[in-house]
Amino acid sequence: MSGALRRFNFKWFNDYLDWLEYSVFSDAAFCLPCYLFKDEDIHQRGRDVFSSREFRSWNKKDRFGIHKCKDLMRQSQSIQTALDKQSSQAKMEYRIHLIASIKVVRFLLGQGMSFRGHDEGISSSNKGNFLELLRYHTEICDEDVATILRKAQKNNQLTSPTVQKEIIHACAIEIAKVIIKDLNGDYFSRFIGILHVRDTSASSLKESIASLLAQHSLSVSYIREQCYDGASNMQGQFNGLKALIQRENRSAHSVHCFSHQLQLTLVGISKKCDEVAGVVNLVSIVLNVVGASFKRRDELQDAQILKVQKALEVGDLQTGRGQNQELGLARPSNTRWGSHFKSFVNFILLFDLIIDVLDTVGMDAKSSDERWKARGFLDACLKFEFVFMLHFMKNILSITNKLNAALQRKEQDIVNATLIVGVAKKRLQTTRDTGWDSLIDDVSAFCIKHDIEIPRFDSFYVFRGKSRQKVVEYTVLHHYRVEVFYKVIDWQLQELNNQFNEVTSDLLHGVACLSPSQSFANFDIEKIMRLAALYPDDFTEYDLVELHCQLENYIVDVGSEDKRFSSLNGIGDLSKKLVETKKHFVYFHVYQLIRFSLLLPVATASVERAFSAMKFIKTDLRNRMEDGFLNDCLITFKERDVFVCISDDDIMTTFQNMKTCREQLD
């Protein structure tokens, strides 16, 4: 209508309900999506008339039909789509960061290496193993992945010490899950944790063990073997930890680690014989003096090189791969098996060089105290008594050292262990009967070579110090042969019998009868039945009757009929062969006894190895590790064969479930 006032018609809302808005204040129409979310890249007819500019052309209603806001009404341009796209990108980046951190953690755990550095600041040239290895991992990744790792936000890098420990804990949890799953009612030896206890009483230790087992849905009733050191709170006959567990579980037998017992025999002899204690202490002290400084070590090394060169020139030594190696100063220790033997051997081989170093220290040391000590040690080393005891103990320990090395083999079983102990005893007895003359010849030749005075063996023996006034009625020969040589060997045999008294028990004899060696030559049904009776929780009276019948058929089958069992070497091979031939289903009671026999820890140092692993984990630079962190690191380090079979996805899942506020992966 000509001349009439035009205005917004509210009926237009019905036609353009999705986007049309009207401002009463501005008396203008707008497109709400375009006004709020229009992007510069979105092009349409009408340009920005419905967004930043007001629309007042009321006589041009057709403009509404032309606009329609198609771009912003599309699903690909919606707010939810933009948020989902951003969320998917964040999830992908989070997953890449987490996988990179997990891979670095797995490598460091497997090698027992530390994680953090002394200075992890931006300007530091060495930020520690974790951050440096993560940087190297970034450099060798694909370019797209490397870009994501480099451009990560500081609060989303997953590199903090807390995150590192949580990933480590997730690894330990997964290892424990696999071990418990593999257990499945069976019995085997695995490392599941270490506990820090303040109260070391037997009852407190038992409660701690029960608590650890309960964490993995196990109980004391699952224990079939125990292995402890010789402490009274462990091995006590009535109130020790071993006894307390056996009261609750009669099948939890304890057999002391053979290799540990062997070391205790030397400690026991040292407490009985002053001469043995003297040579052990003197060797240890002298080696500490000689190796007290790098200068003295260098002098000793140079002297060794010169000695070898001269020997090669005159033809006393031959060249060859692995020959004429440098000898170290191995200090003896009661907890390092075989260290005494190595110390005595090296002391003999380096005797003249050690004497030279002591002589130099006695003359050139800065303090008078060091000079007098060095001269005293020098005089003691140049005595016949010291040389005799040095060679004598070297011969004794050469026998027990071979036994010690055999007992520490991982594949060693209890049958071979008992046989090796018997061999060591026979060799000691042979040395006692026929080894005196060869020992005296070696000692005399050594003394002549190094200008050490040899006493007259037919003269009366005289004690040193105030004891010189004591009159003895035996000669020097009697003293060294009877009072030292015979007594020390007798004490060694006695200590071996005391420490290895389990070899006469029904437990070990029963296990020995199961051995397939020499076509089951040691097989004895009655001894095996006594062995089964030691496990009352596993063999009922009816089971024992069945076992007896199975043993009668078993020995005929595997002992003579089935030739596949004719060349087996140990119980471990027997167990594998029974499973391969499916006969463990036929003779299931016999197979159960064999499995119990394999659990006996007497032939290996598996328990001690668990503590030795702590040397790699808890070093001087990591001496303030928390108990939980130390436990997780030990589990992953000790059970590396299980750890390598666990996938990164399983570790990620456990890590995600540990806290609810993490970025989501799915």
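Computed from a predicted structure; not experimentally measured.
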**Prompt:** Are any side-chain N or O atoms of Ser560 and backbone N or O atoms of Val556, one a donor and one an acceptor, separated by less than 3.5 Å?
**Reply:** yes
**Message:** Just so I know, are the side chains of Thr475 and Phe457 near enough to count as touching, which here means a heavy-atom distance under 4.5 Å?
**Reply:** no
**Request:** Rounded to the nearest 0.5 Å, what's the gap from CG on Leu477 to CD on Glu483? Could you check?
**Result:** 11.5 Å
**Message:** Does Ile179 form a side chain to side chain contact (heavy atoms under 4.5 Å, CB included) with Ile192? I'd like the steps, not just the answer.
**Reply:** CA-CA 8 Å; Ile179 291 176; Ile192 61 173; 4.2 Å; yes
**Asked** Between Asp524 and Arg530, is there a salt bridge with N-O shorter than 4.0 Å?
**Response** no
**Prompt:** Within a strict 4.5 Å, meaning less than it, do heavy atoms of the Glu541 and Val545 side chains meet?
**Reply:** no
**Request:** Check the side chains of Asp490 and Gln494 for a donor-acceptor pair under 3.5 angstrom, ignoring hydrogens and angles.
**Result:** no
**Asked** For Lys373, does the NZ atom have more than 12 heavy-atom neighbours from other residues, nucleotides or ligands under 6.0 Å away?
**Response** no
**Prompt:** So among Phe392, Tyr480, Tyr461, which one has a ring pair (Phe, Tyr, Trp, His ring centres under 6.0 Å) with Phe384?
**Reply:** Tyr480
**Asked** Do the non-hydrogen side-chain atoms of Pro516 and Val558 ever get within less than 4.5 Å of each other?
**Response** no
**Request:** Find the distance between CG (Leu514) and CG (Leu551) and round it off to the nearest 0.5 Å.
**Result:** 8.0 Å
**Contact summary for Ala532 and Leu547, nearest pair of heavy atoms** = CB-CD2, 3.4 Å
**Prompt:** Does Ser208 use its side chain to pair, donor to acceptor, with the backbone of Ser204 at less than 3.5 Å?
**Reply:** yes
**Asked** Does any donor atom in the side chain of Tyr486 or Arg432 lie under 3.5 Å from an acceptor atom in the other side chain?
**Response** no
**Sidechain-backbone polar pair: Ser515 side chain, Ala512 backbone, donor-acceptor under 3.5 Å** = no
**Distance (rounded to the nearest 0.5 Å) between Leu534 CG and Met529 CE** = 11.5 Å
**Message:** Using only atom types and a distance under 3.5 Å, with no angle test, would you say the side chain of Asp557 pairs donor to acceptor with the backbone of Tyr554?
**Reply:** no
**Asked** Where is the tightest heavy-atom contact between Phe347 and Cys381, given as atom of each residue plus distance?
**Response** CZ-SG, 4.0 Å
**Message:** So Leu593 and Phe539, do their side chains get closer than 4.5 Å, heavy atoms only?
**Reply:** yes
**Asked** Within the distance-only criterion (no hydrogens, no angle test), does the side chain of Asp573 pair as donor or acceptor with the backbone N or O of Leu568 below 3.5 angstrom?
**Response** no
**Request:** Mind running salt bridge (Lys or Arg N to Asp or Glu O under 4.0 Å) on Lys206 and Glu248 for me, showing each step along the way?
**Result:** CA-CA 11 Å; Lys206 179 179 176 295; Glu248 187 172 340; 2.7 Å; yes
**Verdict with reasoning, Ile223 to Leu213, per side chain to side chain contact (heavy atoms under 4.5 Å, CB included)** = CA-CA 10 Å; Ile223 300 176; Leu213 293 175; 4.1 Å; yes
**Request:** For residues Val590 and Leu578, determine if any side-chain heavy atom of one lies less than 4.5 Å from a side-chain heavy atom of the other.
**Result:** no
**Nearest atoms (heavy-atom pairs only) where His450 meets Asp352** = CE1-CB, 3.8 Å
**Item:** Close side-chain approach of Asn395 to Thr431, heavy-atom, < 4.5 Å
**Value:** no
**Request:** Check whether any side-chain N or O of Arg481 sits under 3.5 Å from a backbone N or O of His478 as a donor-acceptor pair, and report yes or no.
**Result:** no
**Request:** Measure the spacing between CG of Leu574 and CD1 of Ile594 and express it to the nearest 0.5 Å.
**Result:** 4.0 Å
**Asn346 vs Leu287 side-chain heavy atoms within contact, under 4.5 Å** = no
**Asked** Where do Gly510 and Ile528 come nearest, in terms of heavy atoms and distance?
**Response** O-CG1, 4.1 Å
**Request:** State, yes or no, whether a side-chain contact exists between Glu546 and Asp543 at a heavy-atom distance under 4.5 Å.
**Result:** yes
**Asked** Do Asn281 and Ser284 get their side chains close enough for a donor-acceptor pair, meaning under 3.5 Å?
**Response** no
**Request:** Evaluate side chain to side chain contact (heavy atoms under 4.5 Å, CB included) for Leu544 paired with His548, printing each intermediate quantity in order.
**Result:** CA-CA 6 Å; Leu544 292 176; His548 195 282; over 6 Å; no
**Prompt:** When rounded to the nearest 0.5 angstrom, what is the spacing between CZ in Arg427 and OG in Ser398?
**Reply:** 5.5 Å
**Message:** Between Val482 and Tyr474, is the side chain to side chain contact (heavy atoms under 4.5 Å, CB included) condition met? List the steps.
**Reply:** CA-CA 10 Å; Val482 178; Tyr474 54 79; over 6 Å; no
**Item:** Ion pair check, Arg190 and Asp182, cut-off under 4.0 Å
**Value:** no
Which atom pairs, one a donor and one an acceptor, fall under 3.5 Å between side chains of residues 435-446 and the rest of the protein, sequence neighbours left out?
residue: Ser438; atom: OG; partner: Gly435; partner atom: O; Å: 3.1
residue: Ser444; atom: OG; partner: Ile440; partner atom: O; Å: 2.8

**Complete:** CE of Met389 to CZ of Phe344, rounded to nearest 0.5 Å, is 8.5 Å
**Item:** Residues Glu580, Arg564: salt bridge by 4.0 Å N-O rule
**Value:** no
**Message:** Counting the benzene-type ring for Trp, do Tyr535 and Phe596 have ring centres under 6.0 Å apart?
**Reply:** yes
**Prompt:** For the side-chain contact (heavy atoms from CB on, under 4.5 Å) test, which of Leu349, Val286, Val283 pairs with Ile354?
**Reply:** Val286
**Message:** Is the ring pair Phe520/Phe523 parallel, tilted or perpendicular, if the boundaries are 30 and 60 degrees?
**Reply:** perpendicular
**Prompt:** Within a radius of less than 6.0 Å around CZ of Phe616, do more than 12 heavy atoms belonging to other residues, nucleotides or ligands occur?
**Reply:** no
**Request:** Specify the closest pair of heavy atoms between Leu195 and Ile209, including all atoms of both residues, with the distance to one decimal.
**Result:** CD1-N, 4.3 Å
**Considering all heavy atoms, the nearest Tyr587-Asn553 contact** = OH-O, 3.8 Å
